[in-house]
Amino acid sequence: MTKKTAIVLFNLGGPDKPEAVRPFLFNLFNDPAIIGLPGPFRWLLAKFISARRAPVAREIYAHIGGKSPLLEQTNAQARALEAALTGRNGSGAYRVFVCMRYWHPMSDETARAVRTYSPDEIVLLPLYPQYSTTTTGSSIKDWHRAAAKAGIDKPTRTICCYPTDGGLIRAQADLVQAAIAKLAGEGTPGVTPKRTPRVLFSAHGLPKKVIDTGDPYQWQVEQTVAAVVAELGARGVGPFDPVVCYQSRVGPLEWIGPSTEDELARAGKEGVAVAVVPIAFVSEHSETLVELDIEYRHLAEKAGVPAYERVATVQVSRPFIEGLAGAVRVAPRGPGHLEGSRICPDACGRCPMSEGTR
């Protein structure tokens with residue numbers, strides 16, 4: 001009998017219509033991984049913040065058709081992954097399910113669908129290459145709650161992260177290489193760049209206090225960037241100036257840096273063209289289509305940046321999807337990195353492979 005494997009793809013989710021913006025924001029801010037207050041206080045604060053931010057957020061989504069494209073793109077990734085797993089080199093039966101954290105389909109709905117499929121085993125696969133307690137950690141915890149509620153007791157393998165997976169790195173490098181070539185004027189007669197272009201590897205930021213508690217996200221982002229830079233160097237791409245930076249800062253807390261906005265201002269002062277790479281995202285959504293494509297492009301123009309290229313996310317690129325398929329096949333039992341051992345330094349005490357977090 002062919003073994004049946006259910007793969008659960010996790011992502012943030014996004015509102016599917018303007019009316020969904022406020023409840024989506026409420027779900028986000030009511031997550032204890034985002035706001036660590038006791039339940040009743042967190043609920044009240046989440047109601048307040050979501051009501052206050054909803055009008056601005058609806059304006060943001062209005063730029064991209066009034067809704068997030070994340071579900072459609074994640075569904076496309078799910079189908080591409082199924083095809084890669086069941087192709088000529090595949091074996092067994094695979095079904096990929098999508099599970100969003102803050103909007104539909106959420107954990108309870110997806111768990112019921114997985115139970116109906118009745119797999120022999122389950123693989124949990126976040127679409128967050130770099131682990132954070134606020135993303136992967138929150139999603140996996142909520143999945144286990146929903147799975148228990150649905151009566152699922154099948155063997156489960158969990159991929160906690162893949163910041164330097166070869167498929168991801170090749171896919172990112174392909175996209176960055178094309179942007180560097182464009183900034184350098186390759187293929188355009190008579191065009192010579194005045195300065196070495198700068199590549200801003202922009203990741204979604206986090207409050208510094210989250211990192212200070214041992215969250216490995218920032219360290220893993222830096223590992224991804226280092227691997228992409230090394231891959232580009234091996235290809236002979238360059239010269240270019242790589243910089244790790246962080247976007248999407250909100251609220252009064254101190255956030256990890258440098259900020260993407262500050263790096264754009266610096267590039268403008270120095271007259272340097274930039275390529276902006278959403279290094280922690282694998283799909284397009286408001287942080288890329290609005291924040292990077294519209295808001296940050298406008299900031300770059302105001303700052304005097306001579307050229308601004310926004311590198312696309314990897315989405316369903318073949319190397320990325322093949323990397324995910326390979327990850328599914330070798331995923332370890334329990335939370336684990338694909339190399340089978342912990343990769344995070346000791347300072348990252350909230351790594352899921354730490355003794356105290358298992």
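All of these numbers come straight from a predicted model, not from anything done at the bench.
Considering every non-hydrogen atom in both Ser202 and Thr260, the closest pair reads OG-OG1, 2.8 Å. For the pair Thr313 and Pro278, the tightest heavy-atom approach, listed with the atom from each and the gap, is CG2-CG, 3.7 Å.
For Asp293 and Arg310, the salt-bridge test passes: some basic side-chain N is under 4.0 Å from an acidic carboxylate O. Electrostatic pairing of Glu261 and Arg249 does not count as a salt bridge here, judged by no charged N lying under 4.0 Å from a carboxylate O. A salt bridge is absent between Lys209 and Asp212; no separation between the charged side-chain nitrogens and carboxylate oxygens falls under 4.0 Å.
For residues 234-282, the pairs satisfying ring pair (Phe, Tyr, Trp, His ring centres under 6.0 Å) are Phe281-His285, with sequence neighbours left out. Applying the ring pair (Phe, Tyr, Trp, His ring centres under 6.0 Å) test to every pair with at least one member in residues 98-137, sequence neighbours left out, gives these pairs: Phe97-Tyr117.
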- prompt: Is there a side-chain contact (heavy atoms from CB on, under 4.5 Å) between Ile49 and Ile35 once you walk through the steps?
  reply: CA-CA 11 Å; Ile49 296 174; Ile35 295 179; 4.0 Å; yes
Would you sort out whether Leu71 and Asp16 count as a side-chain contact (heavy atoms from CB on, under 4.5 Å), showing the intermediate values? CA-CA 8 Å; Leu71 179 58; Asp16 52 9; over 6 Å; no
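Using cut-offs of 30° and 60° for the angle between ring planes, the Phe24 and Tyr61 rings count as perpendicular.
Remark: side-chain polar atoms of Gln223 are not paired, donor with acceptor, to backbone N or O of Thr164 under 3.5 angstrom. Between the Arg95 side chain and the Val114 main chain, no donor and acceptor come within less than 3.5 Å of each other.
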